[in-house]
Amino acid sequence: MKIKTIPAIKSAIILVLAALAVYQVSRLWLVELVDGNFFLYLQARFPNAVPDGQSAFTRPYRIVRGNGDVFEIRYSGIAASDEWAFGQNALRSVLRSGVFVDEPNVPPLKIISGRPVLVYEYAFDMCVETFAKALGRRNADLFTNAGIETFNTIAIRPPDPQMPEPILNLWVISDARIWHFFLPNAVGYEFEIREPNPFTLNFTASENGFVPQIPHGGFVYNRIRAENPFRDPQGLFRVSYIRNRVEPFFDNPSAIVPSMREVYTFTTRTTMVRYLENAVLEYTSFRTLGRTAQSYLMADFSAALAFIASDPHIANQEVFLRNHEPRGRGHIFFFDYVIDNRPLVLTETWPTGQNCNDPLLSPVEITVEYGRVTRYRRLAYTFHIAEPARKNPTPPDEFFSLGFPISGSPEIELSVLLLGE
């Protein structure tokens, strides 16, 4: 009996190995493997889990807090801020138990003036259904039943401790249209809005936005230094030096084939990275897209965030979502930088080279399909604070909209305002 069993086991093993060989050969003929590696191919077909981007998607690009007369504006550190922790909790509760009041026919300035308020502003029109689901709510019935489809601003007035019944007021604003809601019995939703510091940058509200006040001692600001990590220490571009900087974008760096025809190009069977003429880095993936991955906004956004975090040259830079739009089988996301509590944005489209028909619209652009990044473009520069700080009795020219006066110099400085001394 034992003698008969051994040949049967051998036959089964041979059949399994033959089937595996046929499958691998068919894959080699019918698809292009990731750098010729079968296991990397499987990884491409069945992508790893990516970070949850839902909380990041609902995060505003700036938060304004004030006593109704003087305001402070936060761009940096929003994710870990007390203002946003309070805002998320209040928004979830209003969506769950809030009451619609009316549509007050008043300018937004009246909503934020006179009493303590927190204002959450988005750089694009936020869909209420997507927003509610990202906050963990099943739907946005409270908002949609009031006729809201999209918004760009939310204002919250915490309960007044002087009132016998704590009530939280919330306004949803879409351009000039306003919807008013309140949360009854808002016990535990108090939030102390401290008096602004006269030695830091403060603002007053006007019909045209927030106007900076000149702090005691004048404006104090630093220069922002823009450095190109793809230049060698002598300030030159060399194929070998750039190759070392782009290796993290490849699964198998040893398979990279460099070339220098019109631009610096580095390729494998499934990936191409180019350093373009006008200091733009471009990544393109030709991998087979796995349909097992989810193809919806949150999955694509999570993949975009994970890709930014894996780029060693901007992993420590703060970015915020300026806009997004459907693109083909997925979505494209546009990100701007935040440097020292100041947004750093393109004031004009950025051509990638001569005769460019597809310029950058933001410093970072990511195209994602079925939860996998297929194209990634960004300015090649990294940014950091330059010392020492400077003083000026008036705001720097670049205070409100910052441009990128890039030239042939390996380092460029931009004026950015510092909050405080």
*asked:* Between R243 (side chain only) and P253 (backbone N and O only), is there a donor and an acceptor less than 3.5 Å apart?
replied: yes
*For D336, what residues pass the side-chain hydrogen bond (donor to acceptor under 3.5 Å, both in side chains) criterion, not counting sequence neighbours?*
S362
_Does the plane of the ring in F383 sit parallel, tilted or perpendicular to the ring in Y381? Use 30° and 60° as the thresholds._
tilted
*Determine whether the aromatic ring centres of Y122 and Y61 lie less than 6.0 Å apart.*
no
*Can you name the residues that form a side-chain contact (heavy atoms from CB on, under 4.5 Å) with S285, not counting sequence neighbours?*
Y283, R287
*asked:* Show me the pairs that pass salt bridge (charged side-chain N to carboxylate O under 4.0 Å, His left out) and involve residues 359-368, at least two apart or across chains.
replied: E365-R377
*How are the rings of F131 and F151 set to each other: parallel, tilted or perpendicular (split at 30° and 60°)?*
perpendicular
*Aromatic plane relationship, F57 with F124 - under 30° parallel, 30 to 60° tilted, over 60° perpendicular*: tilted
Please output the side-chain donor-acceptor pairs of residues 188-196 that fall under 3.5 Å, not counting sequence neighbours, one pair per line with the distance.
residue : atom : partner : partner atom : Å
Y189    : OH   : S93     : OG           : 2.4
E190    : OE1  : G188    : N            : 3.3
E195    : OE1  : N67     : ND2          : 3.0

With a 3.5 Å cut-off and sequence neighbours excluded, list the donor-acceptor pairs that the side chains of residues 78-90 form with protein atoms.
residue : atom : partner : partner atom : Å
S81     : OG   : I78     : O            : 2.8
S81     : OG   : W84     : N            : 3.2
E83     : OE2  : R65     : NH1          : 2.7

*Which pairs with one or both residues in residues 232-241 pass side-chain hydrogen bond (donor to acceptor under 3.5 Å, both in side chains), sequence neighbours excluded?*
D232-R238, R238-S240, Y241-R245
*Partners meeting side-chain contact (heavy atoms from CB on, under 4.5 Å) with V239 (sequence neighbours left out)*: P258, M260, Y264, F266
*Candidate pair I366 and V364, rule side-chain contact (heavy atoms from CB on, under 4.5 Å), full reasoning*: CA-CA 7 Å; I366 307 181; V364 181; 4.1 Å; yes
*Which residues pass the side-chain hydrogen bond (donor to acceptor under 3.5 Å, both in side chains) test with R62, sequence neighbours left out?*
Y75, E121
_Those residues that, when tested against H180, pass ring pair (Phe, Tyr, Trp, His ring centres under 6.0 Å) (two or more places apart)_ = W171
*If you look at every heavy atom in D300 and G330, which pair is closest and at what distance?*
OD2-CA, 3.7 Å
*Mind checking side-chain hydrogen bond (donor to acceptor under 3.5 Å, both in side chains) for N145 and listing every partner two or more places apart, or none if nothing turns up?*
none
*Under the side-chain hydrogen bond (donor to acceptor under 3.5 Å, both in side chains) test, which residues partner R327, sequence neighbours left out?*
E325
_Residues which pass ring pair (Phe, Tyr, Trp, His ring centres under 6.0 Å) with Y376, listed by chain and number, not counting sequence neighbours_ = F307
_Interatomic spacing from CG in D175 to CG in N152 - rounded to 0.5 Å_ = 5.5 Å
